[in-house]
Number of protein chains: 2
Amino acid sequence: MRGRSLCPGVLCGPMNKIEPGIGISRRYLHDEVADRMRELIRSGEMEPKARINEGELTERFGISRTPLREAIKILATEGLLELLPNRGARVASISETELEEMMEVIAGLEATAGDLACRTITDGDIDAIETDHRAMVVAWKGGDEAGYFSHNRRIHEGIMAASRNTILSNIYESLSGRIQRSRYSAHQTPDQWARAVSEHEQMIELLRARDGAALATLMREHIRGKKPVIAANYGDAEGV
Amino acid sequence: MRGRSLCPGVLCGPMNKIEPGIGISRRYLHDEVADRMRELIRSGEMEPKARINEGELTERFGISRTPLREAIKILATEGLLELLPNRGARVASISETELEEMMEVIAGLEATAGDLACRTITDGDIDAIETDHRAMVVAWKGGDEAGYFSHNRRIHEGIMAASRNTILSNIYESLSGRIQRSRYSAHQTPDQWARAVSEHEQMIELLRARDGAALATLMREHIRGKKPVIAANYGDAEGV
DNA sequence: CCCGGTATGATTGTATTCAAAATTCATAGA
DNA sequence: TCTATGAATTTTGAATACAATCATACCGGG
């Protein structure tokens, strides 16, 4: 599911209009536009600091300025765009300190997820996480970086999902969406990796023990440990 | 006065920072409208489930539909409004389970704040918190409920501020803004109160010890302990 | 009397228009 | 040649116009 607004209640709705070929899409135009713009930003097609040209985008999307501008306001509220009075908007850039702040918040959200997950997670869920962990180790040893990131991500998302807290998940998704490019493409040194693997194993143990408080503390430290890695990568990837 | 738009959604980029020199605050109309609508919602003038009538509000604010609709999209992204396809919007109502989820997230955010605060908080800051704590106890003993809530709130906000993490603070502000009416008007039983006071004192101790991990755990439990109180009050205050 | 169908008005979603601010480009002056 | 000034063009912020959808009232039938 894509990054959507965090409001639990807002949904994009019951779609009831039948369109000729396919499905029933009763989405808002501005929502569709917001999704496409998020994708453009995430993919890097629209780079940080890049100005938004309304005329260009309306032509590209084949819509008028009204829904586009509504989408811009939404993305600005989400933090993906910055509004420049009388000069439109631009893709938000993240400063070093903002990135660090975001990492701490993400660490806190994951800690919360771990704590909550211990309440309702099933042994089967934990097994699935452990399976991903093993696959992650295999991928790393085999030099399969894409596989490594994929499994690592699944582990964290699995714990987040196990928290069974949609508000938490939405905030997490939105926040991590802003740094995803950095987060899942960072290179780790062997000892950073060894530490991460060890922490993952402790996480699984604490999940099995259903020790929420300890897991929360561990997860905070775990994410915190990744901070320097991501920060270093960020400098390379995004520049300033 | 809460003149800022908070982006709760997640994130908050400074939406509308006006830095250049003088205080020429040339705000967006939609921002101004969003602020006024937030106030209407918070004050209860617009109650949960109440439909938004664009015509009525455009007349009330003396603006056209365009900026109003942009403001509506913003508030929907923040979770304060729900969008109803082809039927406009209404003030969001919070279900019991949503309230519980939000309390857990808030607990996590406050735990994170406590953890971070231990890094940079000064003895003077801690003294200020302790002063508020004592004043809170006095207010409670004197039956001054408003004073009690005011000081309690200042304690929590003081720790949040001491985290020196604006992203964390913005998310916290936005989320707690959605339940404020419930949170700071709840009645506690004597033993609930005794526990809260005791926890506050432990919090101050842990702050002085700069023990972030322990403080995080305690704060999570502290907020969690307030959950039933707030939940009970919510049922009374908001109905369903 | 109650129920379902239809028509009318109201409200929303989107497009277009208007005016002000900003950017661009060329030119004049040092 | 370089800088600074200013008009023309572009782009934005807001208002208005148009079309589709929804809600309600009315009417006829059972």
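Owing to the predicted nature of the structure, the values given are computational and were not obtained by experimental measurement.
With salt bridges taken as basic N to acidic carboxylate O contacts below 4.0 Å, none links E157(B) and R154(B).
Of the candidates dT14(C), dA15(C), dA14(D), the closest approach to any side-chain atom of P67(B) belongs to dA14(D). Nearest nucleotide to the side chain of R51(A), out of dA15(D), dT23(C), dA15(C): dT23(C). Which of dA15(D), dG13(D), dT16(D) sits closest to the side chain of N86(A) comes down to dG13(D). In this structure, the nucleotide among dT16(C), dA15(D), dG13(D) sitting nearest to the side chain of T66(B) is dA15(D). If you check dA14(D), dT11(D), dT16(D) against the side chain of N53(A), the one that comes closest is dT11(D). Here the side chain of L29(B) is nearest to one of dA15(D), dT14(C), dT16(C), namely dA15(D).
If R87(A) and S64(A) are placed on DNA chain C by their nearest nucleotide, the residue sitting closer to the 5' end is S64(A).
Put simply, CZ on F61(A) is 13 Å from P on dA15(C), counting in whole angstrom units. If you measure from atom CD of E54(A) to atom C1' of dG13(D), you get 9 Å, rounded to the nearest angstrom. One atom, OH of Y28(A), and another, P of dA20(D), lie 18 Å apart when rounded to the nearest Å. What separates CG of L57(B) from P of dT11(C) is a distance of 12 Å, to the nearest Å. Atom CD of E59(A) and atom P of dA15(C) are 14 Å apart (whole Å). dA14(D) atom P lies 13 Å from atom CD of E70(A), rounded to whole Å. Look at CZ on R65(B): it is 17 Å from P on dT17(C), rounded to the nearest Å. One can place CG of L83(A) at 18 Å from P of dT11(D), the figure rounded to the nearest angstrom.
Listed pair R69(B) / dG13(C) meets the phosphate criterion, a side-chain N or O lying under 4.0 Å from OP1 or OP2.
For the residue pair E101(A)/T166(B), the side-chain donor-acceptor check at 3.5 Å is satisfied. Side chains of D125(B) and T122(B): a donor on one and an acceptor on the other come within 3.5 Å.
Listed for the S174(B) side chain is no donor-acceptor partner under 3.5 Å among the backbone atoms of N170(B). Judged purely by atom type and a 3.5 angstrom limit, S150(A) has no side-chain atom pairing as donor or acceptor with the backbone of A146(A).
When heavy atoms are screened at a 4.0 angstrom cut-off, I52(B) is found touching the sugar-phosphate backbone but no base atom.
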